Every structure is written in structure tokens, then in C-alpha cells.
Asker: 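If you scroll down you'll find the structure; I have some questions about it.
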Amino acid sequence: MEQVLSLEEIDLSDPDFWARPLAEREGAFATLRAERPIPFFAEREIPGMPIEPGPGYWSLTRYEHILAASKNPQVYSSARGATAIPDLPVEFNEFFGGMINMDDPRHARQRRIVSRGFTPRAVARIEESVQRRASEIIERVIEKGECDFVSEIAAPLPLEIICDMMGIPESQAPMVFEQTNVILGLSDPEFIAAGETPEVAALRAGGELDALMREMAEDRRRNPRDDLTTALLDASQEDGALTQQELSSFFVLLVVAGNETTRNSISHGMKALCDHPEQRRIWAQDFDGMAATAVEEIVRWASPVIHMRRTCTQDTELGGQAFREGDKVVLWYASGNRDEEVFPHPYRFDVRRTPNEHVGFGGPGPHFCLGANLARREIRVMFREIFEYLPDLRVTGEPERLQSGFINGIKRMPCAFTPGRAGARPRRP
Ligand code: HEM
């Protein structure tokens, strides 16, 4: 953590702020928590987005304020957009975020329907798939001795799992992967094709995912299978089925919410374990015994979702600051996860940290991450594979970071390890 910016120099709306080294960003949030915990920032024009800059937003940087807002969705609403600070057209928000951008009762109905995919039976089936996919990923790289950690190890797992859950054919996985990158990497020029604006790129990417889900729905209505798509279309259950539009939006939500977050947790976790070899040793000595706390610490450390937004439904007050009805309030989860009032030595990576009630999956409330248990499982299984089959894996270059104030992303991270022989290991049951 490096406090190089003065209080007056900090502007969370400045894209250059998000290009600063992580330690400087963390230093700025430490300054805010201590000196101005609920600052207001003006909004800027977003290049390529045909919308006027909005009125600005309040920023919750302290853990206790983030929790208070999360627990009070009647006042801090998600319906005007949780995933973007600018007010996007409602149709845009609903398509790209689905229920994450809704309040109860609409949110609650959808959440009950999609929770069908997370029943004990569904999760048990996913767990098998997580193990099998993680083994396959290691098998694909083990003979190489070096690879890009992000694209070859961290990224494929969450994507393949979501595709498995939904029953998406393997041949479509690369397309899903590419479109997800476009939607989540909108603030990074690398993911926008020449001559395309971010808005057009997002709509095109969303359109391709929508077309895939239409095809899938048509097929599953005729040939129901034991997959999540079929379950979501089952009108015989309480709450009915998702409509075609809801199904497409939910799929977009799953691929954007479940993919990059888990991938970045694994990448940041690997980097942290390399930077803190004593923590790696501690975990290696008792992998299963330590996995629960280590995984939680990886998510706190990574804080893959930097913020979410709410909008006040009435005049209110928090931590001595008055808010007016319609004010935007941004919950800086990444800052809450470094709050020195809650986490002793917050900049210390500690695989045994207990308690660790971080807000990496959001605060307590209706929008708490639906995929938290699945994500925990994926991270645990991936690291077990790495500890066992690539035990000396080391990061060999600086991670290339995504320039974004929303996702704490690593785009590329070279790594090397002593090669093994593919197919030489016993298959896990
Ligand atoms: C380490 C990995 C993950 C992180 C850090 C993460 C983070 C989050 C956060 C912060 C929220 C709260 C949104 C808010 O406050 O408005 C959220 C919601 C959500 N997440 Fe995750 N997530 C992860 C993995 C997953 C996975 C694997 C899935 C599904 C396969 C998933 C599906 C969802 C969904 C559907 C929501 C919306 C819930 C609602 O609005 O009711 N997430 N996630």
C-alpha cells in the first residue's frame, strides 16, 4: 500500500486512476477511509457511450457503511443499475444484468427460479465436473513447462463449468469466452475492434450470446435434458419458467458474473502465493485443512469485483452524510476488504485468516453472490491440482492488468514449472 496521492488528487472517475499500480490505488482508498470516507465524485463522459455524464456519486469506502447499504435494499435500490455507475437505458441494464439490476419482488422471483441450478443435486453434479475439468486443464499444460497462467489455467475452468451447467456444446465455448471478454473488458481498448464503439461491441457480443440461448431453448423445449437450461424452462414448478428474454439475460449474467471473477481470483491467488512463499508452504503442509480459510483469503485479497452501485429510493443518511432520493451510492467492496477497522493487517496475505467476513461476494442482502459456493469449490480444486501436479509453478513476469474500475483483472501472466508427463497420474475419483 502506497499513499502517493493526496486527498485532493484522488478521483475515482479518472480512467488514469485505474491505470495506477495496485499499491497506489490501495493507498488512495486508505486515505479516503481515514480522511473522507464518503466522498462525492463527478461523473465523466464515457468515450463511445452516447449518454450525458450523470450527476455524480457518493462513494462508500468503509466496511461498516457498505454493510449498512447492502442490508437495506429498500433504500439502496439496484433497479436503476448495480453494475454501472452511469444510468444506462433500462433495457440495456436488464439484458446485461438481469436480476442483479432488479429489486424484489421481481428479483426474488427470478432468484428462486435460478436457484434450481444450485440445489444439492445440481451442485453435486457440478462438483464432479469441476474436478474433471480442472484435471483436463492441468493435463493440457503439464508437458509444456511454461504457459500463460490466465488463458491456459485460470480462465478455462469457470467458463467450462458454466457451459457444463447450462448444457452448452463444447464447440461453442470459445465463442462464449470471446464475447464475455468483450462485455467485461469494455473499458479496456484491447477488447474493442477497430472502428467499433464500446456500446456497439457490447450489443453485438450480447446478441451472439442471446442467439445461442434461443437455439438452446428451442432444443430443450423439444428435448429436455438434465441441465440448468431445461430446469429454467420448466413451467411446471412454483414461480413458473423464465421467459426467453429472462433466460438469455440470466445466461449473460452467469457468464459475466461467474467467469472473470473466478478466473481473477485464481490468477491473483497464484500471484499472492508466489509473492508470499511462507503462506504457500503453510497451505501445502495441510492443503485440505487450510483450504477453507485460504480460499476465503484469496477472494478477499483479489476482490475481483471492485464496486457495485445502488440508488437511494428516499432521502436518507449514512455515517453522518445526507443522501437525497435519486442519489447514486457506490459500494467499494475492494476498499471494504482492506478496512483496517475490520481486518487486522489488511495488506498481509494470510491463508489462515479467521475471521474473514470479507465483502468480495457482496455484503449480506438479497444480491449476495449466487455462485459463491461454486466459486469457492472451483478455486479450491484448481489450487489442489496445482499444488499436486505443478508444485513449483512460479510467475515469471509482471501480470498485465485490465484497466478497469469495476473488475480487478489480470489479462496475462507468464508462468513456468518443471514439466511432467500427461496421462501419467492417477485419475481422481
Ligand atoms: C470469486 C468469484 C466471484 C466473485 C468475487 C463474485 C462476486 C459477486 C458480487 C460482489 C456480487 C454482488 C452484486 C451486488 O452487490 O449487487 C455477485 C452477484 C452474483 N454472482 Fe457472483 N461472484 C463470483 C462468482 C460467481 C459464480 C461462479 C457465479 C455463477 C456461476 C456467480 C453468479 C452471480 C449471480 C447470478 C449474482 C447476482 C445475484 C443477485 O442479484 O441476486 N458469481 N457476485
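Along the sequence shown, the residues carry numbers beginning at 1. Ligands are counted one by one from 1 in listed order, and the atoms in each one are counted from 1 as well. Hydrogens, waters and symmetry mates play no part in the numbers below; they use all other heavy atoms, side chains included. Just so it is clear, the structure is predicted and the values come from calculations on it, not from any experiment.
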Asker: Between ligand 1 and T262, is the shortest N or O to N or O distance under 3.5 Å?
Answerer: no
Asker: Which ligand 1 atoms are under 4.0 Å away from a heavy-atom of R310?
Answerer: 14 (C), 15 (O), 16 (O)
Asker: Looking at CG of D11 and CZ of R44, how far apart are the two atoms once the value is rounded to the nearest 0.5 Å?
Answerer: 5.0 Å
Asker: Would you list the pairs meeting ring-ring contact (aromatic ring centres under 6.0 Å, His included) in which at least one residue belongs to residues 357-378, sequence neighbours left out?
Answerer: H107-H367, H358-F361
Asker: The criterion is ring pair (Phe, Tyr, Trp, His ring centres under 6.0 Å); which residues satisfy it with F250, sequence neighbours excluded?
Answerer: none
Asker: I'd like to check which ligand 1 atoms, numbered from 1 as shown, lie under 4.0 Å from a non-hydrogen atom of H107.
Answerer: 39 (C), 40 (O), 41 (O)
Asker: Using a 4.0 Å cut-off to any heavy atom of P366, which atoms of ligand 1 qualify?
Answerer: 41 (O)
Asker: Give yes if a backbone or side-chain nitrogen or oxygen of S78 is under 3.5 Å from a nitrogen or oxygen of ligand 1, and no if not.
Answerer: no
Asker: Going by the atom numbers of ligand 1, which of them fall below 4.0 Å from some non-hydrogen atom of G360?
Answerer: 5 (C), 7 (C), 10 (C)
Asker: Give every protein N, O or S atom lying under 2.8 Å from atom 21 (Fe) of ligand 1, naming each by residue and atom.
Answerer: C369 SG
Asker: What is the nearest protein non-hydrogen atom to atom 38 (C) of ligand 1, stated with its residue, atom name and distance?
Answerer: R111 NH1, 3.3 Å
Asker: So, is S265 polar-close to ligand 1, with some N/O to N/O distance under 3.5 Å?
Answerer: no
Asker: Search all heavy atoms of M382 against all heavy atoms of I153 and return the closest pair with its distance.
Answerer: CE-O, 3.1 Å
Asker: Identify the protein heavy atom lying closest to atom 12 (C) of ligand 1, giving its residue, its atom name and the separation to 0.1 Å.
Answerer: H367 O, 3.4 Å
Asker: Do any N or O atoms from the side chain of E43 and from the backbone of G56 form a donor-acceptor pair under 3.5 angstrom?
Answerer: yes
Asker: My understanding is that we take every heavy atom of each candidate and find the minimum distance to atom 29 (C) of ligand 1. Doing that for L253, N101, V114, L254, which one comes out nearest?
Answerer: L254
Asker: Quick one: which residue pairs count as a ring-ring contact (aromatic ring centres under 6.0 Å, His included) with a foot in residues 312-332, not counting sequence neighbours?
Answerer: W18-W332, F29-W332, W58-F323, H307-W332
Asker: On a heavy-atom basis, I'd like to know which of Y333, F250, F118 is closest to atom 15 (O) of ligand 1.
Answerer: Y333
Asker: Charged N to carboxylate O below 4.0 Å: is that the case for R33 and E340?
Answerer: yes
Asker: Within a radius of less than 6.0 Å around CD of E317, do more than 12 heavy atoms belonging to other residues, nucleotides or ligands occur?
Answerer: yes
Asker: Would you kindly say whether R376 and N373 are connected by a side-chain donor-acceptor distance under 3.5 Å?
Answerer: yes
Asker: Under 4.0 Å between a Lys/Arg side-chain N and an Asp/Glu carboxylate O for R109 and E246?
Answerer: yes
Asker: Could you list which atoms of ligand 1 come closer than 4.0 Å to a heavy atom of P304?
Answerer: 5 (C)
Asker: Spell out, as yes or no, whether a donor-acceptor pair under 3.5 Å connects the side chain of E139 to the backbone of E136.
Answerer: no
Asker: Relative to the heavy atoms of M308, which atoms of ligand 1 are at a distance of less than 4.0 Å?
Answerer: 13 (C), 14 (C), 15 (O), 16 (O)
Asker: Any Lys/Arg nitrogen of R125 or D164 sitting under 4.0 Å from an Asp/Glu carboxylate oxygen of the other?
Answerer: no
